[in-house]
Amino acid sequence: DGGITQSPKYLFRKEGQNVTLSCEQNLNHDAMYWYRQDPGQGLRLIYYSQIVNDFQKGDIAEGYSVSREKKESFPLTVTSAQKNPTAFYLCASSIQGRSSTGQFFGPGTRLTVL
Amino acid sequence: ILNVEQSPQSLHVQEGDSTNFTCSFPSSNFYALHWYRWETAKSPEALFVMTLNGDEKKKGRISATLNTKEGYSYLYIKGSQPEDSATYLCAFISGSNDYKLSFGAGTTVTVRA
């Protein structure tokens with residue numbers, strides 16, 4: 001089955017530690033995205049990538065980093081510089097930006113920083 | 001960050017009743033509007049991608065309309081069923097960057113049997 005996988009589902013880290021969230025897709029999509037969800041707010045875009053080896057900052061990129069070395073993979077690193085990292089993180093992909101089918105989402109990772 | 005608002009934040013509907021709710025977005029530089037359904041413990045799933053003023057789209061008992069000139073979209077659920085319980089998200093895409101979606105906070109619908 002084609003889809004997007006994110007791992008782990010729940011992640012706990014101590015304050016000051018970097019942590020990397022995994023996102024893999026086998027949909028052959030060019031574009032991939034990372035969103036963050038906080039209670040009462042809409043999904044906010046952290047980073048996105050249109051093609052391999054290219055990525056762009058979204059609206060809330062500070063304290064995060066990404067890489068796009070392979071088409072199917074778009075890992076997100078939450079660094080110690082992120083002031084409030086506890087949140088629910090969603091990865092998504094689309095055929096291309098101007099997609100007529102919308103974005104496809106993974107199941108999400110809930111990160112809790114203790 | 002573009003301002004996209006959804007109202008109400010939540011609503012409760014009796015099974016069999018119909019309901020609707022709103023997504024408001026900037027009326028300038030419109031490119032597209034997406035609607036997603038997000039059920040508990042699942043991933044958000046695209047319902048509609050709307051691009052033209054006056055668009056009406058339908059999927060089963062769920063339909064949506066689009067008014068780009070005044071900056072709003074309505075989502076309708078006809079004859080609500082318990083399986084319609086979910087959070088419904090809208091996302092606006094401007095012509096300036098077609099990769100960036102600006103999401104509203106969602107409307108959470110609970111259908112009571």
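Bear in mind that the values here come from a model prediction, so they are computed numbers and not experimental data. Each chain gets a letter, A, B and so on, in the order its sequence line appears, and its residues count up from 1.
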Path from V13(B) to W35(B) over hydrophobic side-chain contacts below 4.5 Å: yes
Path from Y76(B) to L11(B) over hydrophobic side-chain contacts below 4.5 Å: no
F48(B) portion near chain A, given a 4.5 angstrom heavy-atom threshold: neither
Proximity of residues 104-113 of chain B to chain A, residues having a non-hydrogen atom under 4.5 angstrom: G104(B), A105(B)
Cluster overlap F74(A) with V19(A), hydrophobic side-chain contacts below 4.5 Å: yes
Side chain to side chain contact (heavy atoms under 4.5 Å, CB included) evaluation trace for F105(A) with K42(B): CA-CA 9 Å; F105(A) 286 85; K42(B) 294 187 177 180; over 6 Å; no
Segment of I4(A) engaging chain B (4.5 angstrom heavy-atom cut-off): neither
Minimum side-chain heavy-atom gap W38(B)-L43(A) below 4.5 Å: yes
Q17(A), CD atom: more than 12 neighbouring heavy atoms under 6.0 Å: yes
Flag if over 12 foreign heavy atoms under 6.0 Å of NZ, K71(A): yes
V4(B) with Y72(B), same ILVMFWY side-chain cluster at under 4.5 Å: no
Joint cluster assignment, V66(A) & L11(A), ILVMFWY side-chain distance < 4.5 Å: yes
Chi angles and distances behind the side chain to side chain contact (heavy atoms under 4.5 Å, CB included) call for Q103(A), Y36(B): CA-CA 9 Å; Q103(A) 293 186 358; Y36(B) 293 85; 3.5 Å; yes
When S43(B), A41(B), A46(B) are compared by non-hydrogen pairs under 4.5 Å with chain A, the top option: S43(B)
Crowding at CD, E83(B) (>12 non-hydrogen neighbours, <6.0 Å): yes
Inter-residue atom distance Y33(A).OH - K100(B).NZ, 0.5 Å rounding: 12.0 Å
Spacing of L101(B) atom CG and R44(A) atom CZ [to the nearest 0.5 Å]: 15.5 Å
Those residues of residues 45-58 of chain A, ordered by number, that approach chain B below 4.5 Å (heavy atom to heavy atom): L45(A), Y48(A), Q50(A)
Between CZ on residue F103(B) and CD on residue Q41(A), distance to nearest 0.5 Å: 14.0 Å
E69(A) CD: over 12 foreign heavy atoms closer than 6.0 Å: no
Considering all heavy atoms, the nearest G102(A)-V49(B) contact: N-CG2, 3.5 Å
